[in-house]
Visitor: 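Here it is, the structure, as structure tokens.
In this chain, numbering begins with 1 at the start of the sequence shown.
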Amino acid sequence: MSANANVTKDLRLVASYSFNDIRYANSNRTEQKYDPYTDWGYGPNVSEKGKPVEQTPRNMFSIFADYSIPSGIFKGLGINWGMRYVGYTYGDEVSSYKVPSYILFDVGARYNFEKVFPTLKGLTAQLSMSNLTNKYYEASCYSNVCYLGEGRKVYGNLAYRW
């Protein structure tokens with residue numbers, strides 16, 4: 001589910017939420033539970049049937065706000081902010097262990113040169129940063145392998161549209 005709203009002429013909000021209850025319905029496979037800290041299986045074999053599918057978050061949510069400054073000394077400047085939440089996942093087919101949920105924040109700014117200098121129509125500059133807090137997180141795990149999420153990333157561009 002998602003929503004897109006132009007709150008004012010200069011403020012736009014976008015939000016989304018997804019709920020996934022994906023489970024193994026009919027499976028005759030069994031496995032031992034797995035302990036990622038010792039890298040060993042333990043206990044009797046457990047059926048996959050009815051267990052959540054590994055590496056699939058049950059809940060995800062994001063919100064994004066974008067504001068353009070309409071007048072004054074900062075006319076042409078736009079700023080944005082976003083938040084992404086990814087719920088916990090399981091690391092194997094028999095739900096032996098959970099991979100923790102995480103929240104990431106993103107920010108950005110852009111400048112539309114045309115708003116101040118009409119002769120530069122179509123020229124924009126943008127600077128963005130994802131994972132603002134440089135959060136260390138596991139994006140996903142499967143059996144004995146975990147994948148780390150991307151750290152802080154800063155990127156920019158200069159674009160011309162004609």
Visitor: Does CG in N28 sit with more than 12 non-hydrogen atoms of other residues, nucleotides or ligands closer than 6.0 Å?
Guide: no
Visitor: How far apart are the C-alpha atoms of D66 and W81, what are their side-chain angles, what is the distance that settles it, and do they pass the side chain to side chain contact (heavy atoms under 4.5 Å, CB included) test?
Guide: CA-CA 7 Å; D66 184 85; W81 172 88; over 6 Å; no
Visitor: Report whether I79 and L127 are members of the same hydrophobic cluster (ILVMFWY, side-chain heavy atoms less than 4.5 Å apart, transitive linking).
Guide: no
Visitor: Compute the ring centroids of Y42 and W40, then answer whether they are less than 6.0 Å apart.
Guide: no
Visitor: Count I, L, V, M, F, W, Y as connected when their side-chain heavy atoms are under 4.5 Å apart, and connections chain through other members. Are F61 and L132 then in the same cluster?
Guide: yes
Visitor: Same cluster for Y97 and I22 if Ile/Leu/Val/Met/Phe/Trp/Tyr side chains link at under 4.5 Å?
Guide: no
Visitor: Does one hydrophobic cluster hold both F64 and I103, with members joined at side-chain heavy-atom distances below 4.5 Å?
Guide: no
Visitor: Taking the side chain as every heavy atom from C-beta outward, state whether S47 and S27 have any pair of such atoms under 4.5 Å apart.
Guide: no
Visitor: Check R152 against N134 and note the closest heavy-atom contact, atom names and distance.
Guide: N-OD1, 2.8 Å
Visitor: Do other residues, nucleotides or ligands put more than 12 heavy atoms under 6.0 Å from the CD1 atom of I73?
Guide: no
Visitor: Report yes if the side chains of D21 and R58 come closer than 4.5 Å at any heavy-atom pair, otherwise no.
Guide: yes
Visitor: Side-chain donor-acceptor pair under 3.5 Å between N131 and Y137, yes or no?
Guide: no
Visitor: Can you tell me how far OG of S143 sits from CD of E31, rounded to the nearest 0.5 angstrom?
Guide: 6.5 Å
Visitor: Hey, are K33 and D35 close enough for a salt bridge, meaning a charged N less than 4.0 Å from a carboxylate O?
Guide: no
Visitor: Can you tell me if CZ on F105 sees more than 12 non-hydrogen neighbours from other groups inside 6.0 Å?
Guide: yes
Visitor: Search all heavy atoms of G43 against all heavy atoms of Q32 and return the closest pair with its distance.
Guide: O-NE2, 2.8 Å
Visitor: So, do I69 and K75 sit near enough that their side-chain heavy atoms are less than 4.5 Å apart?
Guide: no
Visitor: Under 4.5 Å between any side-chain heavy atoms of R84 and S130, yes or no?
Guide: yes
Visitor: Assess the pair F113 and Y111: is the distance between their ring centroids shorter than 6.0 Å?
Guide: yes
Visitor: Is there side-chain contact between C141 and Y90, with at least one heavy-atom pair below 4.5 Å?
Guide: no
Visitor: Are any non-hydrogen side-chain atoms of T89 and T56 less than 4.5 angstrom apart?
Guide: no
Visitor: Does E48 reach the side chain of T30, with side-chain heavy atoms less than 4.5 Å apart?
Guide: no
Visitor: Would L104 and K135 count as a side chain to side chain contact (heavy atoms under 4.5 Å, CB included) here? Give the steps.
Guide: CA-CA 7 Å; L104 302 175; K135 182 177 182 72; 4.1 Å; yes
Visitor: Is the NZ or CZ atom of K153 both under 6.0 Å from the centre of the six-membered ring of Y155 and within 45° of that ring's axis?
Guide: yes
Visitor: Taking atom OH as the centre, does Y160 end up with more than 12 heavy-atom neighbours from other residues, nucleotides or ligands that are less than 6.0 angstrom away?
Guide: yes
Visitor: Side chains of Q55 and Y147: donor-acceptor distance under 3.5 Å anywhere?
Guide: no
Visitor: NZ/K121 to CG/N112 distance, rounded to the nearest 0.5 angstrom?
Guide: 10.5 Å
Visitor: Mind checking whether L77 and L123 sit in one hydrophobic cluster, side chains of I, L, V, M, F, W, Y counted as touching below 4.5 Å?
Guide: yes
Visitor: Exactly one of D39, D92, N144 should register a side-chain hydrogen bond (donor to acceptor under 3.5 Å, both in side chains) with Y34. Which one does?
Guide: D39
Visitor: Kindly compute the distance separating CD (E93) from NZ (K51), expressed to the nearest 0.5 Å.
Guide: 12.0 Å
Visitor: In Å, rounded to the nearest 0.5 Å, how long is the span from CG of N80 to CG of L11?
Guide: 11.5 Å
Visitor: Quick one: do T124 and Q126 satisfy side-chain hydrogen bond (donor to acceptor under 3.5 Å, both in side chains)? Show the steps, please.
Guide: CA-CA 7 Å; T124 58; Q126 181 177 337; over 6 Å; no
Visitor: For the CG atom on N4, are there more than 12 heavy atoms of other groups (residues, nucleotides or ligands in this structure) within a distance under 6.0 Å?
Guide: yes
Visitor: What closest approach, in Å, do G87 and Y85 show between heavy atoms, and which atom pair accounts for it?
Guide: CA-OH, 3.5 Å
Visitor: Under a 3.5 Å threshold, yes or no: a donor from one side chain and an acceptor from the other, between S68 and R12?
Guide: no
Visitor: Could you tell me whether the side chains of S16 and S62 share a donor-acceptor contact shorter than 3.5 Å?
Guide: yes
Visitor: Validate the cation-pi geometry between K98 and Y88: distance from NZ or CZ to the six-membered ring centre under 6.0 Å, angle to the ring axis within 45°.
Guide: yes
Visitor: For residues Y24 and E54, determine if any side-chain heavy atom of one lies less than 4.5 Å from a side-chain heavy atom of the other.
Guide: yes
